Structure formats: structure tokens, C-alpha cells
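Take a look at the structure below.
Just so we're clear, the structure is a prediction, and the values are computed from it rather than from any experiment. One-based numbering, in listed order, for ligands and for the atoms of each.
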Amino acid sequence: MNRTEIIHTQERIGALGDGFWGPHSIAACQQYLKNLMPATHPFPVEGSSEFLAFFGEHGEEGVYTPPTRKITLPFTIYYDQSPIKTLRVHNKCAASLLRVFQNLATIYPDQLSRKAAGILVYNGLYNPRLKRGSLNSWSMHAWCNAIDINAGKNGNKTAWPATATMPIEVIECFAKEGWLSAGVFWGRDAMHFQATAPL
Ligand SMILES: [Zn+2]
């Protein structure tokens, strides 16, 4: 983000709009999003004992695929150049992700504004793989409860919001349904949203 966009983000989350995204802004942003989340959080914490009971086993190629439901998106998104109109999402968070997209469709009412926000670029949902660099920890994508959006500008090594571009308004739509933003909670990988509660 440029300085003006960072100041806008700071003002939106109730932090001092000085253009410097430091520990104060990070804490304020995390609290702001937690306040937007449902009072009774709909999802368990990643890695908690409740997590497996709730979502079941992770998917594994040729072994197991989590139970999914198909949702029809309110607008078309794109994987590379291919138009995507439906997504398969874990049963336990499919309706929730549909509401996220319905919310996005409301605040970005046409494809032009959606394109400007970066939300037409879809980079995947189900991927039965380990976390990058891990030998035994599975990615949330292996449960079909995480989605990547606009990866090109919000990569795993790209700091949010200093360099990554994911708008706070998009992140809010996910938070209202209880979805965590990696950009806000880990400071990078802002493409990534997952259906788990914050710690
Ligand atoms: Zn991801």
C-alpha cells in the first residue's frame, strides 16, 4: 500500500493515522477485527483439540478428502484466465464463505470496483499439502477451509500493509464471518484467509 492507503487503513481501525505501521497499528487492527467477529466464534482455534472434532481429518492425496459443499458465487472470479463461478468448501464453513462473498458483492457492487480491490484474482482453496517448510504440520488448505485471493500482490513473504495490497474492507468482510486474515494476524501472506478463531 502507499502511504495514503496505510493512513486510510489506520483511521479505519481507529489507530493514529501517521502512515507508520508499527506494533500499535498491528495490535489495534487485530483488536478491531476481533470486535467485528461474531460474539460466539463459529470456528475453533487452529491446532486446538476442538479443531479436529469440528473439521475432522485433513485431506491427503489418494487417502481422504474432507466433506465439501459447492457454493455459487455472486460474481465471477478468475483462476489464471479461467472464470470461476462456484467453489467447493468444507461443509462446516461453506455457508459462511458464501456470506463473505455476498458481503463483498455489496460493498464492491460492480466488476470494476472488485477488480480494483483485487478480489477477482482467485488462487485456490483446497490443496492437501503440508505447510511450507514443515514436515508434519498441514496447511489449512488441506481441510478446505482456507482461500487465497490476489496472491501476486499479497504473497507469503510480502509484508502487509507496507507492501501487500489487500484492502482492509475485504479483510473486514471475512472477519464478520469469523475468518482470520493472515496479513493482519501474521503480518504477511495477506492473500490467505482461514476459518479459524484467533488465539
Ligand atoms: Zn493460503
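The two atoms that bring A197 and L180 nearest to each other are O-CD1, 3.9 Å, heavy atoms only.
Remark: the R114 side chain and the Q111 side chain contain an N/O donor-acceptor pair separated by less than 3.5 Å.
Heavy-atom neighbours of Y79 OH from other residues, nucleotides or ligands within 6.0 Å: at or below the threshold of 12.
The Zn ion (ligand 1) lies under 2.8 Å from an N, O or S atom belonging to D148.
The ring of W160 has its center no closer than 6.0 angstrom to the ring center of W186.
Restricting H141 to its N, O or S atoms, the one at the least distance from the Zn ion (ligand 1) is NE2. When you scan the N, O or S atoms of H192 for the one nearest the Zn ion (ligand 1), you land on ND1.
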